[in-house]
Amino acid sequence: MKETETAVDAAAYADKLEALLRRHANAGQAAAMKAYMRDQFEFLGIRTPERNALMRAFMKEHGVPSGAELEATVRRLWALPEREFPYAAMTLLEKRKKELGPAQIELLEFLVTTQAWWDTVDLLASHLAGALFSKHPELVPAYTEKWIAADSLWLRRSALLFQLGYKGRTDAELLFALIRRTAHESDFFMRKAIGWALREYGKTDPAAVRAFVRDTELSPLSVREALKHIGAE
């Protein structure tokens, strides 16, 4: 079966992928990976290069689900305790990101807010939400407002980061407005996201970022990250 074909049964597909990854578990590496992630999650102990190789081989043999089957597969993998399974789910989603549409926003919101930490949220925001909103810009006003006002810091972080790869297509007015609404927050992940978003946009328009940083009350962390490559002047 080619990678572009659709797996017939989501449950069987997820079960086969789970079994494959579990066969490559490494307890010694798992302990180190868990410690690196501050004991937030369990791990099988499969490092990224090995996991990527396993995923490529698996997708070549079994294809990549699409539509409802993809969502069902992703949700099954997301419910498993070890972190490699959400990573595998995101790999599948990335393969189908050009097919994402308004119907998948609920899924993205679920993934951003479930078993959430920076390692999943940043990819979901910048790669998947970014791709979806680029294709469907009419959705941006409503969902950025919903996310930036949400109780979930991970949705707020996603609102800041979805334009990371947009470069010259960045809506700077929107980005700056979202940052102003969150600049008062003390959470490390929010302050880091502000700086990261500004740093990336600074590669496109350094003068605008310098001016924004100069005129906006930001945390030292956000300022340091924002000006990391362009400097204050």
Side-chain angles (χ1 to χ4, degrees), residues 3 6-97 100 103-129 132 147 150-158 161-162 187-190 192-193:
E3 184 178 297
T6 303
V8 174
D9 181 82
Y13 185 98
D15 289 347
K16 288 178 183 177
L17 181 51
E18 178 186 0
L20 171 68
L21 295 178
R22 290 197 183 281
R23 286 198 300 272
H24 289 80
N26 183 315
Q29 290 181 170
M33 294 168 75
K34 181 178 179 180
Y36 175 74
M37 295 294 284
R38 300 183 184 178
D39 297 324
Q40 295 284 320
F41 308 99
E42 298 298 324
F43 282 84
L44 294 174
I46 306 173
R47 298 194 184 280
T48 301
E50 182 184 4
R51 189 185 74 249
N52 289 342
L54 291 170
M55 289 297 297
R56 284 193 298 271
F58 185 87
M59 291 185 294
K60 183 177 181 179
E61 179 178 357
H62 299 285
V64 180
S66 63
E69 290 176 346
L70 174 61
E71 179 165 345
T73 300
V74 166
R75 287 182 181 271
R76 287 179 71 91
L77 293 171
W78 215 263
L80 296 171
E82 294 87 1
R83 205 61 169 165
E84 285 86 351
F85 296 116
Y87 297 162
M90 291 190 297
T91 297
L92 298 176
L93 281 169
E94 278 207 274
K95 287 293 183 180
R96 296 293 190 189
K97 69 180 180 180
L100 293 176
Q104 281 72 55
I105 290 183
E106 182 180 347
L107 173 63
L108 289 182
E109 290 180 331
F110 169 79
L111 300 179
V112 165
T113 56
T114 306
Q115 296 199 62
W117 218 39
W118 64 265
D119 60 327
T120 54
V121 170
D122 291 358
L123 187 145
L124 290 167
S126 64
H127 288 220
L128 300 175
L132 190 154
W147 290 4
D151 291 335
S152 167
L153 78 90
W154 301 114
L155 283 174
R156 298 198 305 278
R157 183 174 166 100
S158 296
L161 297 182
F162 82 91
D187 182 88
F188 168 83
F189 289 109
M190 290 300 293
K192 188 81 169 181

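When a residue number appears, it is its place in the shown sequence, counting from 1. These values consider heavy atoms only, across backbone and side chains, with no hydrogens, waters or symmetry-generated copies.
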Name each donor-acceptor pair under 3.5 Å that joins a side chain in residues 14-26 to protein atoms two or more places apart or in another chain, with its distance.
{"unit_1": "D15", "atom_1": "OD1", "unit_2": "R76", "atom_2": "NH2", "d": "3.3"}
{"unit_1": "E18", "atom_1": "OE2", "unit_2": "R22", "atom_2": "NE", "d": "2.9"}
{"unit_1": "E18", "atom_1": "OE2", "unit_2": "R22", "atom_2": "NH2", "d": "3.2"}
{"unit_1": "R22", "atom_1": "NH1", "unit_2": "E82", "atom_2": "OE1", "d": "3.3"}
{"unit_1": "R22", "atom_1": "NH1", "unit_2": "E82", "atom_2": "OE2", "d": "3.2"}
{"unit_1": "R22", "atom_1": "NH2", "unit_2": "E82", "atom_2": "OE1", "d": "3.0"}
{"unit_1": "H24", "atom_1": "ND1", "unit_2": "L20", "atom_2": "O", "d": "3.0"}
{"unit_1": "N26", "atom_1": "OD1", "unit_2": "G28", "atom_2": "N", "d": "3.1"}
{"unit_1": "N26", "atom_1": "OD1", "unit_2": "Q29", "atom_2": "N", "d": "3.0"}

Open item on the list: When you compare the side chain of M33 with that of I46, does any pair of heavy atoms fall below 4.5 Å?
Closed with: no
- [ ] Give, for atom CG of L123 and atom CD of E94, the distance between the pair rounded to the nearest 0.5 Å.
- [x] 4.5 Å
TODO: Please report the C-alpha distance between L54 and E50 in whole Å, then the side-chain angles of each, then the deciding distance to 0.1 Å, and finally whether the side-chain contact (heavy atoms from CB on, under 4.5 Å) criterion is met.
DONE: CA-CA 6 Å; L54 291 170; E50 182 184 4; 4.2 Å; yes
Task: Value rounded to 0.5 Å, distance of CD in E71 from CZ in R96 - done: 14.5 Å
Open item on the list: Enumerate the ring-ring contact (aromatic ring centres under 6.0 Å, His included) contacts for residues 31-59, please, sequence neighbours excluded, ordered by first and then second residue.
Closed with: Y13-F58, F58-H62
- [ ] Could you pull out the closest heavy-atom pair between M190 and L153, with the gap in Å?
- [x] SD-O, 3.6 Å
- [ ] Apply side-chain contact (heavy atoms from CB on, under 4.5 Å) to the pair K60 and R56, showing each step before the final yes or no.
- [x] CA-CA 6 Å; K60 183 177 181 179; R56 284 193 298 271; over 6 Å; no
TODO: Provide the closest heavy-atom pair for D9 versus E69 in the form atom of the first, atom of the second, distance.
DONE: N-OE2, 4.5 Å
Open item on the list: Return the CG to NE2 distance between L161 and H127, rounded to the nearest 0.5 Å.
Closed with: 11.0 Å
- [ ] Nearest 0.5 Å please: distance from the CZ atom of R47 over to the CG atom of N52.
- [x] 13.5 Å
Open item on the list: Distance check, rounded to the nearest 0.5 Å: M59 atom CE versus T91 atom OG1?
Closed with: 6.0 Å
Task: Main-chain N/O of W147 paired to R156 side chain as donor or acceptor, under 3.5 Å - done: no
For residues 111-120, run the donor-acceptor check on the side chains, cut-off 3.5 Å, and write out each pair with its distance to 0.1 Å, sequence neighbours left out.
{"unit_1": "T113", "atom_1": "OG1", "unit_2": "E109", "atom_2": "O", "d": "2.7"}
{"unit_1": "T113", "atom_1": "OG1", "unit_2": "F110", "atom_2": "O", "d": "3.4"}
{"unit_1": "T114", "atom_1": "OG1", "unit_2": "F110", "atom_2": "O", "d": "2.6"}
{"unit_1": "Q115", "atom_1": "NE2", "unit_2": "W78", "atom_2": "O", "d": "2.3"}
{"unit_1": "D119", "atom_1": "OD1", "unit_2": "R83", "atom_2": "NH2", "d": "2.8"}
{"unit_1": "D119", "atom_1": "OD2", "unit_2": "R83", "atom_2": "NE", "d": "2.9"}
{"unit_1": "D119", "atom_1": "OD2", "unit_2": "Y87", "atom_2": "OH", "d": "2.5"}
{"unit_1": "T120", "atom_1": "OG1", "unit_2": "R83", "atom_2": "NH2", "d": "3.4"}
{"unit_1": "T120", "atom_1": "OG1", "unit_2": "W117", "atom_2": "O", "d": "3.2"}

Task: Taking every non-hydrogen atom, the tightest pair across P65 and L92 - done: CD-CD2, 4.5 Å
Task: Crowding at CG, D39 (>12 non-hydrogen neighbours, <6.0 Å) - done: yes
Open item on the list: I'd like to know if the side chain of R157 and the backbone of F189 have a donor-acceptor N/O pair within less than 3.5 Å.
Closed with: yes
Task: Spatial distance of atom CG (L100) from atom CG (L93) [nearest 0.5 Å] - done: 6.5 Å
